[in-house]
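Given the structure is predicted, the values throughout are model-derived calculations rather than measurements. Each chain gets a letter, A, B and so on, in the order the sequences are listed, and its residues count up from 1. Quick note: numbers below take in every heavy atom, side chains included, and nothing from hydrogens, waters or symmetry partners.
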Amino acid sequence: MIADLRQIVLAEDNANDVELTLNALRENHIVNEIVVVRDGAEALDYLHKRNRFAGRAGANPALVLLDLKMPKVDGIEVLRQIKADSSLKSIPVVMLTSSREEQDLVRSYELGVNAYVVKPVGFHEFIDAVKLLGGFWAVINEPPPQRTAGPTRD
Amino acid sequence: MSRSLPLWRSLRLRLPLLMSGLIALVLVTVFWVINREIEKGLLRAGSERAQTAADQLGAILAQGAARGTNEGRRIASDPAVRRFVANPSTDAAAVRELLTPLAVAAQPPVELRTAGGERVLEVGPARGKAVPLDATVPLVPGLSTFQRSHDTVFYGLVTEILDQTPPANGGNPAAGRPLGYIVVRRTLTTAQTTDTLNRLVGNGALVAVGHQSGGIWTNFSKVVPQPPIDPTRNGVVEYRTASGERRLGAVSVVAGTPWAAWIEFPRDRILAPAYAMQRRMVVFGLIAIGLSALLISVVSARITTPLHDLTTATAAIASGEYTRRVRTARRGDEIGQLADAFNAMTERVAADHDELESRVRERTATLDRFFSLSIDLLCIAGTDGRFQRVNPAWEETLGWSADELTSMPYMDLVHPDDRAATAHEAAGLAAGGITVRFENRYRAKDGSYRWLSWKSAAAGEQGLIYAAARDVTDEKRATEALARHVSELNVINDELESFSYSVSHDLRAPLRHVVGFATLLEQSANGRMEEQDRRYVKTISKAATHMGRLIDDLLSFSRTGRAAFDRREVDLDVVVREAVLEVSREARKDIRWDVRPLPHVQGDPSMLRLVFVNLLSNAVKYSSNRPHPVIEVNVDGAGSTETVVYVRDNGVGFDMAYADKLFGVFQRLHSSDEFEGTGIGLANVRRIVHRHGGKVWGEGVVDGGATFYVSLPQGGTA
């Protein structure tokens with residue numbers, strides 16, 4: 001059963017937030033492997049299996065949690081590239097961010113985000129939110145069938 | 001009308017000419033008819049005269065011939081003559097005696113010839129002498145044909161002398177044997193005869209006699225050719241000679257002879273009186289025409305001269321000479337009336353013209369006053385690119401005098417960068433366009449440039465451009481300053497926005513971390529912490545959470561000010577019902593909601609929803625410690641220009657002394673210990689209502705409840 005659990009990618013530059021998020025996921029007994037990347041470029045490297053992640057095994061992740069504001073490549077750009085790539089666009093992407101700026105919301109939904117969550121200040125609320133997210137996307141939601149051979153890319 | 005009429009088109013010439021022509025035509029016709037009648041009469045008379053004369057001549061000749069014949073017969077029958085001729089040797093005295101009466105002076109002598117033709121006796125006249133004639137006539141009894149000897153024409157009368165007296169009863173004369181002949185010769189060509197004839201028929205006439213069957217014709221003086229007539233019949237004949245002369249004559253057959261008499265006149269001579277008459281008539285006619293032309297020209301001058309005067313006067317008035325009048329000479333006729341009427345009209349026209357001119361002067365003076373007073377720069381420009389007239393505002397604005405402005409092309413004053421656009425505008429004006437709010441820069445005398453805003457149009461046939469310009473340099477500078485400020489503001493706004501963004505993202509993250517790690521600390525130290533420590537950690541969490549809420553509210557307030565305004569018709573019933581639903585979810589369930597029907601307004605639905613959520617949650621909050629909370633939403637009389645809705649509660653109310661602090665940011669009338677809150681809600685309400693162009697105010701009594709009024713304009717403004 002465990003072998004079936006796909007990874008969850010958490011793209012977050014802030015170490016505190018990473019720790020809190022991992023804590024919250026753990027608190028909610030989500031056992032999927034969490035891959036933490038520290039900026040947008042790393043997130044794309046992971047998804048495209050290149051550079052640091054050139055040799056990584058496994059399929060597309062079950063879920064990508066994206067922070068909006070990240071160094072190098074921001075969350076919006078990562079989202080755009082995921083949704084523009086035919087082999088990646090079926091991956092559920094959730095914006096997990098501090099911003100509730102209207103423009104970020106509008107832009108994200110335009111690019112096809114699957115959910116947009118504003119991190120609450122309260123930790124308990126945060127844990128509840130992560131619980132809902134992880135529970136739904138990583139456990140309840142049935143991901144699209146995994147293609148063993150994706151389109152070859154150079 | 002102004003050009004002078006050429007004489008040949010003038011009535012002054014045409015009328016006399018026409019009338020004289022008519023008179024001449026009538027005269028010519030009458031004269032022609034009269035002349036024709038006269039000529040006819042003359043020709044008739046001439047014919048009669050010719051016939052009469054010819055008949056008389058014929059009668060004379062006939063008479064002479066008859067007398068000669070009878071005389072000859074009487075003498076021939078005398079026995080003495082018989083005896084002598086039978087025997088010519090006898091005494092001739094008696095016979096000579098007998099023959100003498102036949103001999104006529106100036107005529108050839110009478111001859112007595114034998115039957116054999118031998119002349120036996122020649123008798124001359126008793127007085128005077130005979131004319132010798134070397135020619136004779138054939139011995140045929142009777143009148144001979146005309147004979148000629150040299151220029152002398154004569155005829156013979158031969159009488160037979162028979163040997164016995166013919167029977168008295170008229171038996172055949174030939175019964176007797178011819179013994180001889182009495183030969184009488186008569187010349188026709190004598191001067192005497194011609195004179196007589198001339199006297200008889202008048203000069204220029206041709207009198208001729210000749211044989212009916214032709215032969216020699218004579219006019220009693222010499223041989224003449226036979227006229228081209230039929231000499232056997234009496235009658236009038238007209239013919240034309242070889243030289244073209246027309247002649248008229250009459251034939252008279254001479255009774256008892258083979259001769260015919262002819263008398264002819266030149267036709268012109270017959271018609272001479274008619275010609276004389278014609279000459280007189282022509283003279284008379286010319287005199288009559290001349291006189292009538294004179295008369296008519298005098299009469300027509302009396303008509304046309306005033307008309308001419310009128311014409312020149314009209315032309316003079318047409319060219320603006322209003323003082324011109326027509327001489328009337330006190331004529332009582334139609335022309336006099338016309339002249340009077342014309343003068344009266346001219347008087348009126350002159351008066352009207354004077355009045356018009358004075359009004360024009362007045363108006364011009366008025367316009368000139370405004371022209372001089374105008375603060376705006378007024379000008380008239382010609383098609384040559386120069387000003388023709390400028391008002392004093394030009395000098396006041398640019399420093400150039402009017403003379404300087406009109407003496408140079410205005411384009412020289414336009415800023416080089418504006419010249420192309422100015423030329424384009426001028427071309428548009430020339431094509432009939434209108435310039436409104438065209439702006440360009442004009443150089444002032446001090447070298448600086450002033451911005452002028454133009455309104456101009458071309459008018460009139462000469463294509464003059466009428467233009468008014470306003471010095472908008474100051475406005476322009478103000479506008480530029482404003483634009484600068486706006487762009488500065490935009491920069492500031494952008495900074496503010498990025499600041500808000502930072503706040504929302506960066507400021508909230510550490511708070512979250514504080515709360516998160518405080519919670520984790522509490523969890524990990526569970527049971528190992530003193531009560532005091534736990535309270536500290538909780539306070540840290542609580543304070544950070546409150547700060548997070550403050551930041552959220554502040555950002556929301558800021559968003560309200562910047563968010564796009566979506567104006568539409570809003571049903572307040574729906575808005576308030578949704579707000580009540582949202583608020584009541586987390587409120588006490590025993591609150592009595594008294595929501596009355598509400599009208600439609602113009603506004604942004606989501607903002608209005610925020611207004612009522614805020615007002616209602618305030619009402620819930622401040623009546624939460626009441627035993628029976630009642631919250632009422634109602635219309636406070638909908639006026640024609642605004643709609644007032646209020647939200648009333650029976651909560652703790654407030655002191656009206658602090659009513660002005662109700663809507664300030666972070667302003668609170670109650671401690672957070674009493675009632676939780678950030679102090680942003682009512683500030684947000686006021687901001688939204690203000691963006692709708694409305695007003696909001698509150699009324700309250702401490703422990704007596706509060707009422708908040710929202711007034712929205714009917715039309716609504718953003």
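- Contacts of A:Asn14 with chain B are made by side-chain atoms alone, with heavy-atom separations under 4.5 Å and no backbone atom involved.
- Contacts of A:Gln103 with chain B are made by side-chain atoms alone, with heavy-atom separations under 4.5 Å and no backbone atom involved.
- With a 4.5 Å cut-off on side-chain heavy atoms, A:Asn16 and B:Arg512 do not count as touching.
- Shown here is A:Lys49, whose NZ atom has more than 12 heavy atoms of other residues, nucleotides or ligands within 6.0 Å.
- Few gaps surround NZ on A:Lys83; more than 12 heavy atoms of other groups in view lie less than 6.0 Å from it.
- Within a 6.0 Å sphere centred on CZ of A:Arg38, other residues, nucleotides and ligands contribute more than 12 heavy atoms.
- No more than 12 heavy atoms of other residues, nucleotides or ligands shown are found within 6.0 angstrom of CE on B:Met547.
- Interface remark: of the candidates B:Ser541, B:Gly516, B:Gly548, B:Gly516 forms the most heavy-atom pairs closer than 4.5 Å to chain A.
- Heavy atoms closer than 4.5 Å to chain B are found in both the backbone and the side chain of A:Asp17.
- Residue-environment remark: CD (B:Glu586) stays at or below the threshold of 12 foreign heavy atoms within 6.0 Å.
- In the displayed structure, B:Glu569 atom CD is contacted under 6.0 Å by more than 12 heavy atoms of other residues, nucleotides or ligands.
- Across every non-hydrogen atom of A:Phe123 and B:Val515, the tightest pair is N-CG1, 3.5 Å.
- With a 4.5 angstrom heavy-atom cutoff, B:Ala518 does not touch chain A via any of its atoms.
- Distance check: A:His124 NE2 to B:Thr545 OG1 gives 9.5 Å after rounding to the nearest 0.5 Å.
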